[in-house]
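In what follows, a structure is listed as structure tokens, so that the remarks can point back to it.
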Amino acid sequence: MAQLPPGIRFITSFSRDQWYRAFIFTLTFFLYASFHLSRKPISIVKGELHKHCAASHGVELGSYKEYAAQIQSVRKLSNASQCGWEPFDKNNYKQLLGALDYSFLCAYAIGMYLSGIIGERLPIRYYLTVGMLASGLFTAMFGLGYFCNIHNLWFYIMAQIANGLVQTTGWPSVVTCIGNWFGKGRRGLIMGIWNSHTSVGNILGSLIAAYWVSTCWGLSFVMPGVIIAVMGIVCFLFLIEHPKDISCSCTPSSSSKAFLNGASRFRVQMPTLNAKETIKSQDPEMQHLLIDSENSVTSQNSSTVGTGEGRHGTSAISFLGALRIPGVIEFSLCLLFAKLVSYTFLFWLPLYITNVEHLDAKRAGDLSTLFDVGGIFGGILAGLISDRLEKRASTCGMMLLLAAPTLYMFSTVSKMGLEATVVMLLISGALVNGPYALITTAVSADLGTHKSLKGNARALSTVTAIIDGTGSVGAALGPLLAGLISPSGWNNVFYMLMVADGCALLFLLHLIQKELRCNADHTLFKEH
């Protein structure tokens, strides 16, 4: 018998379940990368919506002669001024651009709290598909303002608000899906690698938007809009919500197994101990949670099989019930400030590089991708360290502690030349995005499958939405504060970011203290 070719031997060396998990990992990676790809254009186009010119910056004319000479000629529409695109060509352009960011992020923060609750009651595949198609529509809608020669500020604000609302369908859906397919074993590392979709999407979005920004900035929005809409169709055709949908084995849990996700899912519950007996085997900090939830958990002496959501399945967790899970409030408030820092960089970094390095919008956009490259390594490193130490909060705290002085160095060193800026972008990206990535992925999944939930797999979407929704409040505040503070000097913006990092660390101190008291066999997070 002839020996199998190397490629076939490689394929057959993995089981069917492993191939499906790899497929879901890759699919959800690119699905959410397309969400970030569609959010990035606004930060790239800011340098084109407003250009430094004699009309609005006469005092600074001498400083920007070199910069003005580098700007490529663009198509002049009837209502476009030499200072940019009306109404962003005025002296208050930073406030107007900040209003665009705030409109999107405020809508995103509000919508996120509702998205998790809605998402766990609907089939994930349909919910995510509709959200991606709508995101493509509203992303492209902003770019249509260029082709239709629209100069009404409210048109662009409404496009941002609508896009912010529909984009909330993405995160709870993909985290719930990936949580269904992967157990807790090496969750930090796996999700650290998986969460690099954020940086990959930002990089691709920056490159695509930068390619068109100096010639036809409308396409900087239309093309990402088309891409996320196409990925929505791919989601509808290929996304598998749960291993049980294709008879794949899933990670076993200790007592109760609830394979429930979406609107119509079978649920199999194995015999469980009485809640009062279970308390004896739990740590003291969990006892009050188990007592409170005793009446909401049904103990059965034999296996039961049911269909449907409201009548036979495990009921969805309430908002207040999710808040009572130990660690949810602390990590949510920490993420508020961590995401404030990350999204300030996301929306204002290209403009900052334009001002400091005197580069055109395209080159500034390309250079800003290095921050996201650093973020990829930061997320993976945070996941690896937290898995090894089995201490999520301590890992986040360590990176936040290093991030604050790094931001100060960035504000100082970046003025010394392009080479110094490149190095600091990589380091800052790793330290800023590391805690943000860890909290939104591994920590959210840990808390969504906390032992106090007794196997209620449907809590993951709500917990994820609460944590990311609270973080999105900070994401809305950061760019808004940057727009208000930046006229007084970029140094003040960096001081604001350092204070935010300190506040994020402050909210984790209690959890860090508890983790340091735990031994290796009794960590803060335990799966049910």
Can you check whether [Y]'s main-chain N or O pairs, donor with acceptor, with [X]'s side chain at less than 3.5 Å?
| X | Y | answer |
| --- | --- | --- |
| Glu241 | Ile124 | yes |
| Gln167 | Ser135 | no |
| Tyr108 | Asn163 | no |
| Thr139 | Gly136 | no |
| Thr215 | Trp212 | yes |

Arg125/Asp245 under salt bridge (Lys or Arg N to Asp or Glu O under 4.0 Å): CA gap, chis, key distance, verdict
CA-CA 12 Å; Arg125 183 166 61 94; Asp245 292 339; over 6 Å; no
Between [atom1] on residue [X] and [atom2] on residue [Y], distance to nearest 0.5 Å:
| X | Y | atom1 | atom2 | result |
| --- | --- | --- | --- | --- |
| Leu105 | Ile110 | CG | CD1 | 11.5 Å |
| Phe29 | Phe25 | CZ | CZ | 7.0 Å |
| Ser173 | Leu239 | OG | CG | 8.5 Å |
| Phe147 | Trp217 | CZ | CH2 | 8.5 Å |
| Ile353 | Leu367 | CD1 | CG | 4.0 Å |
| Trp194 | Ile24 | CH2 | CD1 | 11.5 Å |

Taking everything shown except Met158 itself, do over 12 heavy atoms lie less than 6.0 Å from its CE?
no
Between Tyr32 and Phe35, is the gap from one ring center to the other below 6.0 Å?
yes
Using the ring centroid of each side chain, check whether Phe494 and Tyr408 are separated by less than 6.0 Å.
no
Examine the side chains of Glu48 and Ser220 and answer whether a donor and an acceptor come within less than 3.5 Å of each other.
no
Please tell me whether Tyr352 and Ser486 have a donor and an acceptor in their side chains that are separated by less than 3.5 angstrom.
no
Begin with the C-alpha distance, continue with both residues' side-chain angles, and end with the deciding distance and a verdict on side chain to side chain contact (heavy atoms under 4.5 Å, CB included) for Ser411 and Trp490.
CA-CA 8 Å; Ser411 65; Trp490 287 106; over 6 Å; no
Classify the angle between the aromatic ring planes of Trp19 and Phe14 as parallel (below 30°), tilted (30 to 60°) or perpendicular (above 60°).
perpendicular
What class does the angle between the rings of Phe337 and Phe507 fall in, given that below 30° is parallel, 30 to 60° is tilted and above 60° is perpendicular?
parallel
Looking only at non-hydrogen atoms, find the nearest pair between Thr406 and Met424 and report the distance.
O-CE, 3.6 Å
